[in-house]
Amino acid sequence: QVRLLESGGGSVQAGGSLSLSCVASGTVFSVDSMGWYRQVAGKQRELVTEIPNGGKTNYADSVKGRFTASRDIAKNTVSLQMSSLKPEDTGFYYCHTANLKMLPNTRGQDYWGQGTQVTVSP
């Protein structure tokens, strides 16, 4: 069984900073990428950042230069440092793992965390 455990988030005024962390707990053999998505009520979930194995970190244009993601492959963790926050960054942030395999030579699947709220007031 695998669970994505998120921490961080909260409320801050515009211009402030928040951080998020996520760990994939349970039996994890490999993960192709880890990252963060966010969703606002009534809208589709959108990519914030994704860090692939051995590849370049991908950021949404709206967060480039303000958000910094990091990943520890050995520990199955991903973090997001958010700075210069704007009210439009408000939303539920979800940790995501792509093609996580619990055992070698098995089919992987994507996992999602339960989400953590980020609220940025003007």
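The chain is numbered in sequence order, starting from 1.
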Going hydrophobic residue to hydrophobic residue with side-chain gaps under 4.5 angstrom, can you get from [X] over to [Y]?
X	Y	answer
Val118	Trp36	yes
Val12	Phe92	no
Ile51	Val28	yes
Tyr93	Tyr111	yes
Leu4	Leu80	yes

Tell me if a side-chain donor or acceptor on [X] pairs with a main-chain N or O of [Y] at a distance below 3.5 Å.
X	Y	answer
Ser21	Ser79	no
Ser84	Gly15	no
Glu6	Gly115	yes

Check this for me, if you would: do Lys86 and Asp89 make a salt bridge, where the nitrogen-to-carboxylate-oxygen distance has to be below 4.0 angstrom?
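No, this pair does not count.
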Salt-bridge present (Asp32, Lys101; N to O < 4.0 Å):
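A salt bridge is absent here (no side-chain N lies under 4.0 Å from a carboxylate O).
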Starting at [atom1] of [X], measure out to [atom2] of [Y] and round the result to the nearest 0.5 Å.
X	Y	atom1	atom2	value
Lys43	Arg38	NZ	CZ	9.5 Å
Ile73	Asn53	CD1	CG	4.5 Å
Ser17	Met82	OG	CE	9.0 Å

Give a yes or no on whether [X] atom [atom1] has more than 12 heavy-atom contacts from other residues, nucleotides or ligands under 6.0 Å away.
X	atom1	result
Gln13	CD	no
Gln39	CD	yes
Glu88	CD	yes

Does a donor on one side chain and an acceptor on the other come within less than 3.5 Å for [X] and [Y]?
X	Y	answer
Gln117	Thr119	yes
Thr49	Arg71	no
Ser33	Glu50	yes

So, do Tyr37 and Trp112 have ring centers that fall under 6.0 Å from each other?
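Yes, ring centres under 6.0 Å apart.
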Could you walk me through whether Val31 and Asn99 pass the side chain to side chain contact (heavy atoms under 4.5 Å, CB included) check?
CA-CA 6 Å; Val31 180; Asn99 196 32; over 6 Å; no
